[in-house]
Structure formats: structure tokens, C-alpha cells
**Student:** 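This structure is in C-alpha cells; I'll ask about it shortly.
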Amino acid sequence: MWQDFSFSDIRFAELAQHVDGGARVLKQNPVECLFQFLCSSNNNIKRIEKMVSSMERFGDFLGNVGGFDFYKFPSIDRLSCISEQQLRDAGFGYRAKFVVGTVKALQEKPGGGEHWLDSLRKMELCSVVRELCTLPGVGPKVASCVALFSLDQHHAIPVDTHVWQIATRYYIPELADAKLAPKLFSRVSDAFVAKFGKYAGWAQTLLFIGELPSPKTKKPTGGKKCKNDNNETY
DNA sequence: AGCGTACCTCGGAC
DNA sequence: AGTCCGAGGTACG
Ligand SMILES: [Mg+2]
């Protein structure tokens, strides 16, 4: 698959050579995935991880490995025991009410929230996103993440600030100075699907990793120039 | 429909 | 040391 992506995009080809050990696009549990990305809005990864681990402590204790405690991610019912104040105290900020509201909304689904989330698997991507967006704190980006990482929607493109940077730099440079707006969300998404096709979401994930200030990538530095689709150097 | 703006918190940059 | 900025967006006017 990487070869296909590399053929489709020169930048992908170059980046792929510099990502050690590959990247994994995990098929996550939908509940866990949803609440993780519910914490992600306007936030940094370190704090997101802290918030997620504080939610996990409401799940069953699994054991201790190498000095680290592990917990099963809480069920929706278990999550419903957490108050907004507890979440505030745990540093969730304004996302505290999103968590409480989404738990409540899920509990009210006929057949339960877990079942409702699973039922989204067999729907079209646009319907999946639309349904998920009815939850408080869930917009198009979070919905796309949940769809891609936990609901088998491999062509979902979560358009976040990083993807926006990538897209305007390499694929649609004419929008370089525009603000990331909902209207342009689809524009970016279309650009990725046009370029990478069925598994565009996976390609997006790799390019996203390339943007992160992470030791996982050792991007080419110093002097090397490349060209984007419009033959502009970067 | 489309566009501005506020929003919790917090580590790093200056 | 104080201030400012921005981070895997969303809700609301
Ligand atoms: Mg929503």
C-alpha cells in the first residue's frame, strides 16, 4: 500500500523512507476512540494523553507492567459516574461538559451507546460523520477520526490544523492564506481522496506523523529542495 | 450558509 | 519572573 501511495505522491514517497518502523493505523474500540478525540480539540497531545489516562482510571484495573498501571477503558455506564466537576478538576477544561453530554447522549440511544456506535460501521461515511456530529463536542474533525480509526471508514480524512498546513503547502497552494473553515474542510478532504483514493485516511495519517515534532521521523534537513504539485519549491 | 469569536489549561518561547 | 502563544476544533452568535 505504501508503494501505491508513494506512486501517487512524491512527498509521501520521500517521507515514507524516514518514518522508522512504520506507522500503525489501529482499529480502536469506538468508545475509547470517541472519548479520546473528544479531548483533542484545541489541545496538545501531551495533555490529551493525561486526560485520557485520568478517564481510564474509572475502568477496571488490568495490572502493572514495568511499573505502569494499566486499566481497561471504561464502559459508557462507567463513564457516566464521572461528574463534570471531577473532569474539571482533572484538567479537562471546557471539554468536561462535552464528555458528560456525550455520555448522556449515548446512554439515551435505543439499544445503548455501544450498539449505536457499532451500527455506524455499515453506513456511508457521510452519514457516519453526520451522526457523530450530533454529539456535543464532536465536529467534522473528531467525527472523521472516530470513523477512520474505529469504524472501518478508511477513506475518512480528519482535517486538522496539521492536515490543513500540508494541504495548502503541497496540494492546494492557492488556499495558503485562507483560514481553515468548514467549507474548506471538504475541499481538503477531496484533495486527499483524489490523490490517494480508497485508503486516503491512511495516507493522511502518515503525512500527519511527518508534521509532528517527533523523534519518530527524521525528515531530510538542510538544503534539499522539493517541488509541490504546482512545481513550486519548498 | 458563512464567518468571527470565545473557550480551559499549560508547557515552551521570548 | 511575567506574558504571550498555540495546541490533532467546536459551539454559538
Ligand atoms: Mg457536535
Side-chain angles (χ1 to χ4, degrees), chain A residues 15 19 23-28 30 32-55 73 82-106 126 128-151 153-171 175 177-192 196 200-217 219:
Chain A
L15 188 57
V19 176
R24 287 167 294 180
V25 180
L26 295 176
K27 178 172 175 175
Q28 279 188 303
E32 178 172 5
C33 189
L34 171 60
F35 285 96
Q36 284 184 355
F37 282 103
L38 199 53
C39 299
S40 73
S41 76
N42 201 262
N43 205 353
N44 60 73
I45 292 177
K46 181 176 273 185
R47 187 155 77 109
I48 295 168
E49 289 171 344
K50 202 176 88 179
M51 292 159 68
V52 169
S53 61
S54 73
M55 276 193 289
F73 195 84
I82 314 176
S83 70
E84 179 174 342
Q85 188 56 51
Q86 282 178 292
L87 293 165
R88 288 268 175 185
D89 294 342
F92 277 61
Y94 65 83
R95 301 165 198 82
K97 61 180 179 301
F98 292 159
V99 172
V100 172
T102 288
V103 166
K104 189 178 173 65
L106 287 173
C126 58
V128 176
V129 170
R130 187 182 61 245
E131 290 297 317
L132 289 173
C133 282
T134 62
L135 301 169
V138 177
K141 192 276 179 178
V142 170
S144 296
C145 283
V146 176
L148 172 62
F149 294 122
S150 74
L151 295 174
Q153 302 285 332
H154 303 302
H155 53 303
I157 307 293
V159 181
D160 55 33
T161 171
H162 293 276
V163 172
W164 179 245
Q165 294 302 317
I166 296 167
T168 55
R169 208 184 312 154
Y170 307 119
Y171 304 136
L175 293 177
D177 293 323
K179 251 189 85 177
L180 174 50
K183 178 189 177 186
L184 300 175
F185 189 102
S186 61
R187 184 80 186 278
V188 174
S189 184
D190 291 346
F192 270 86
F196 295 109
W202 294 47
Q204 176 274 348
T205 301
L206 259 298
L207 292 172
F208 171 80
I209 291 171
E211 289 295 290
L212 254 35
S214 156
K216 184 143 192 172
T217 59
K219 285 183 290 188

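Throughout, protein chains are lettered first and strands after them, A, B, ... in sequence-line order, and every chain is numbered starting at 1.
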**Student:** Verify the ring-centre separation between Phe37(A) and Phe149(A): is it less than 6.0 angstrom?
**Tutor:**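 Ring centres of Phe37(A) and Phe149(A) closer than 6.0 Å.
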**Student:** Using the C1' atom as the reference point in each nucleotide, state the distance between dG4(B) and dG8(C) in Å, no decimals.
**Tutor:**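 Pairwise C1' distance, dG4(B) against dG8(C), rounds to 22 Å.
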**Student:** Separation of Met51(A) atom CE from dG8(C) atom C1', in whole Å?
**Tutor:** 13 Å
**Student:** Would you classify Pro136(A) as touching base, sugar-phosphate or nothing, given that sugar-phosphate means primed atoms plus P, OP1 and OP2, and contacts are heavy atoms under 4.0 Å?
**Tutor:**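 Pro136(A): backbone/sugar contact only, no base atoms under 4.0 Å.
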**Student:** Contact class for Leu135(A) (heavy atom, under 4.0 Å): base, sugar-phosphate, or nothing?
**Tutor:** sugar-phosphate
**Student:** Between P on dT10(C) and CH2 on Trp164(A), what's the gap in Å once rounded to a whole number?
**Tutor:** 15 Å
**Student:** Treating Arg95(A) as the side-chain partner and Gly137(A) as the backbone partner, does any N or O pair qualify as donor plus acceptor under 3.5 Å?
**Tutor:**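 Answer holds: no.
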**Student:** Reading nucleotides 8-14 of chain B from the 5' end, what letters show protein touch, with B for base, S for backbone sugar-phosphate only, - for no heavy atom under 4.0 Å?
**Tutor:** BBS----
**Student:** Hey, which of these two, Gly137(A) or Cys145(A), hits DNA chain C nearer its 5' end, going by closest nucleotide?
**Tutor:**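 Comparing both residues, the 5'-ward one is Cys145(A).
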**Student:** Could you measure between the two C1' atoms, the one in dC10(B) and the one in dA11(C), and give it in whole Å?
**Tutor:**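 Looking at atom C1' only, dC10(B) and dA11(C) are 22 Å apart.
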**Student:** For Val142(A) and Ser40(A), which heavy atoms make the closest approach, and how far apart are they?
**Tutor:**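 Minimum heavy-atom contact is CG2-OG, 4.2 Å.
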**Student:** So, for Pro158(A) and Lys141(A), which heavy atoms are closest and what is the spacing to 0.1 Å?
**Tutor:** CB-O, 4.0 Å
**Student:** Mind checking the C1' distance from dC3(B) to dA7(C)? Whole angstroms is fine.
**Tutor:** 22 Å
**Student:** CG/Leu132(A) to CD/Gln153(A) distance, rounded to the nearest 0.5 angstrom?
**Tutor:**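 Separation between the atoms: 9.5 Å.
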**Student:** What stem regions, each of at least 3 consecutive Watson-Crick or G-U pairs below 3.5 Å, can be found for DNA chain B?
**Tutor:**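 Ordered by first number, the stems with DNA chain B (at least 3 consecutive pairs each) read B:3-7 with C:9-13, B:9-14 with C:2-7.
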**Student:** If each of Phe37(A) and Phe98(A) is mapped to the nucleotide of DNA chain C with the nearest heavy atom, which maps nearer the 5' terminus, i.e. the 5' end?
**Tutor:** Phe37(A)
**Student:** Kindly say whether, by distance alone, the side chain of Lys141(A) makes a donor-acceptor pair under 3.5 Å with the base of dG9(C)?
**Tutor:** no
**Student:** Val100(A) and Ser83(A): which non-hydrogen atoms are nearest, and at how many Å?
**Tutor:** CG2-C, 4.3 Å
**Student:** Using the C1' atoms only, state how far dG11(B) lies from dT10(C), rounded to an integer number of Å.
**Tutor:** 23 Å
**Student:** Quick check against the 3.5 Å criterion: does Thr102(A) have a side-chain atom that pairs as donor or acceptor with the backbone of Pro136(A)?
**Tutor:**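 Side chain of Thr102(A) to backbone of Pro136(A): a pair is present.
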**Student:** Contact class for Val138(A) vs. all strands (heavy atom < 4.0 Å): base, sugar-phosphate, or nothing?
**Tutor:** sugar-phosphate
**Student:** Identify the heavy atoms of Val146(A) and Leu34(A) that sit nearest to each other, and give their distance.
**Tutor:** CG2-CA, 3.7 Å
**Student:** Gln86(A) and Ile82(A): which non-hydrogen atoms are nearest, and at how many Å?
**Tutor:**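 Nearest pair, atom of Gln86(A) first, then Ile82(A): OE1-CA, 3.5 Å.
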